[in-house]
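In what follows, every chain begins at residue 1, and chains take the letters A, B, ... in the order their sequences are listed. All of these numbers come straight from a predicted model, not from anything done at the bench.
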Amino acid sequence: MTDRPALVHLRGAGEPEPTAAHALLSQRFRVIVLEAGEPASTPDSLVRAIDRLGLETFNLLAGAAASRTALGVALQVPERVAALVLEAPTAISEERRVAELATPTLVLYGTLDPVTPAVGRRIATLMRNCHLVFVYAAGPTIGIDRPEAFAEVVGDFLERHEAFVIRRTATVIHP
Amino acid sequence: MKVSFFETVRYIPPEALPSGWPVASGIYDREAGAHAYEAMIERLQYVEELGFDWVSVSEHHYSPRILSPSPMVAAAFIAARLTRLTIALLGPIVPHSNPVRVAEELAMLDTLARGRLVVGLLRGTANEALSYDLNPQESRERTDEGMELILRAWTETQPFGWQGRHFQYRMVSIWPRPWQQPHPPTYALGTSREACEFAARHHLGCGVSYGPFEVMAKATRHYREACARHDWQPTREQIIYRANMIVADTDEEAHALLRAQPNQAPFALRPGVRDAVMTLDARNIAGEARSPVVAGALPTTFIGSPDTVVEQVRRARDVIGAGVLDLSLHPPGARDLEALTRALELFGKKVLPRIRDL
């Protein structure tokens with residue numbers, strides 16, 4: 001089981017328990033949920049927790065409340081974060097350092113999220129390897145509203161990084 | 001009141017056509033086809049001269065009744081040949097189209113025409129599902145998602161992916177963007193609760209068609225109430241009423257013209273197909289179920305002398321709340337083009353100047 005790549009989900013304060021999307025992603029990844037509510041959790045404390053789990057490299061996923069913390073982890077140990085997924089981020093800090101991050105990054109927003117995707121656009125503008133995706137008919141907690149859609153795009157991105165833009169599903173109807 | 005002429009591209013067949021849909025294309029006459037588009041431009045030059053505000057074009061397939069399978073191409077041709085008329089593309093059939101392509105083509109048209117474009121997005125009549133092999137049961141959902149993707153493609157400033165139910169793209173970033181910002185005036189066409197609510201949520205206009213004033217008013221009332229729930233009120237110009245009009249010198253003459261019209265739509269679906277489509281295609285007016293229109297002729301709600309028609313337009317304005325009339329002055333597919341020209345002239349000279357300020 002340990003040969004599956006690790007996906008560390010930083011769970012922010014008030015964010016839901018693991019969802020159907022986690023169950024789907026756990027078929028391809030070793031999903032580890034870490035409580036990441038501010039201010040108790042900092043990038044430092046989270047990196048120490050990840051160290052204790054013995055993870056050398058890992059993927060990182062965070063919802064709105066933990067997205068700034070997740071960027072902080074990626075800034076602290078960029079060589080260990082294989083890819084980063086931010087769900088409906090609403091804040092960004094340390095823009096100059098974020099702009100230097102080469103981490104493959106996926107930013108997701110639900111089309112029913114009342115928050116404008118301004119922060120996502122900012123991140124996509126700053127980072128050289130960042131992709132913005134809208135998940136139709138989902139609110140801020142995409143994994144609850146559209147678990148299959150969320151798991152498919154996140155899983156595909158984590159496996160293929162920027163090459164996820166190349167379609168690999170067949171469209172042949174009758175061979 | 002703004003007035004739009006519904007242009008249906010008059011194909012005059014050199015020989016009699018079969019009556020079923022689809023019409024075998026082997027019988028198509030290329031000279032008649034080429035002439036239909038040239039004659040359209042001549043007609044629209046007259047429409048422009050008469051002072052109409054808009055010309056509308058629509059999407060229909062597999063018959064000569066309305067010869068515009070690609071309204072984008074028709075609109076581009078019109079935009080290049082006429083200088084004042086606003087082109088109302090009412091509209092691309094969203095559920096069987098590639099929404100990104102629709103967004104691109106409309107943005108291109110808006111740019112070519114320097115903003116002389118308004119757009120209506122719609123689900124299409126029940127039979128249109130058959131033309132591109134669309135499951136009628138999915139058409140509502142695909143319409144809503146497609147419309148949302150079109151709006152996103154027009155307005156999003158960063159390349160983006162779309163993880164939909166029916167559409168998936170990993171990257172979209174259209175060029176050109178629309179000339180009008182954030183996008184051309186756009187309407188969600190249809191009387192359904194879903195279309196009205198989509199329009200309200202996205203601050204779009206609403207377009208209803210053909211039904212009696214009181215019935216259409218149910219939809220526009222629902223639309224305005226939905227807008228209020230989203231904390232805004234549409235302008236009068238954000239409500240289009242498309243209708244058939246028969247105007248003649250006297251009321252009697254107008255009614256005689258109506259009696260002379262066929263009471264069935266030309267090129268009807270075979271009964272077995274029609275009935276099967278109707279069981280799969282749920283339609284409603286502001287939430288009340290209605291049957292999809294697949295066979296009967298559409299009602300004519302404006303009929304009479306110029307005086308009578310002006311009063312009817314006043315009632316349509318008051319009852320429906322419409323600020324734009326999109327008029328079909330002569331049945332699509334009818335061969336008597338002189339009658340269309342007469343209707344245009346009478347309407348343009350005796351009615352249009354009197355409803356302009358309503």
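Using the six-membered ring where Trp is involved, B:F160 and A:F134 have ring planes that are perpendicular, over 60° apart on the 30 and 60° scheme.
Of the two parts of B:E145, the backbone and the side chain both hold a non-hydrogen atom closer than 4.5 Å to a non-hydrogen atom of chain A.
The local environment of CZ in B:R236 is crowded, with over 12 non-hydrogen atoms from other residues, nucleotides or ligands closer than 6.0 Å. Residue B:E194 qualifies as enclosed at atom CD: its count of foreign heavy atoms under 6.0 Å is above 12. Counting non-hydrogen atoms of other residues, nucleotides and ligands closer than 6.0 Å to CH2 of B:W232 gives a total above 12.
To the nearest 0.5 Å, atom CZ of residue B:R165 and atom CZ of residue A:R146 are 5.0 Å apart. One finds the CZ atom of B:R170 at 10.5 Å from the CZ atom of A:F157 (value rounded to the nearest 0.5 Å). Separation of atoms CD (B:Q163) and CD (A:E148) is listed at 11.0 Å; rounding is to 0.5 Å.
Residues of residues 164-175 of chain A lying under 4.5 angstrom from chain B, judged on non-hydrogen atoms, are A:F164, A:V165 in numerical order.
B:M171 is not listed as a side-chain neighbour of A:H131, based on a closest heavy-atom distance of 4.5 Å or more.
Of the listed residues (A:T111, A:V133, A:V135), just one forms a side-chain contact (heavy atoms from CB on, under 4.5 Å) with B:W162, and that residue is A:T111.
For A:E35, the salt bridge (Lys or Arg N to Asp or Glu O under 4.0 Å) partners two or more places apart in sequence, or in a different chain, are A:R11.
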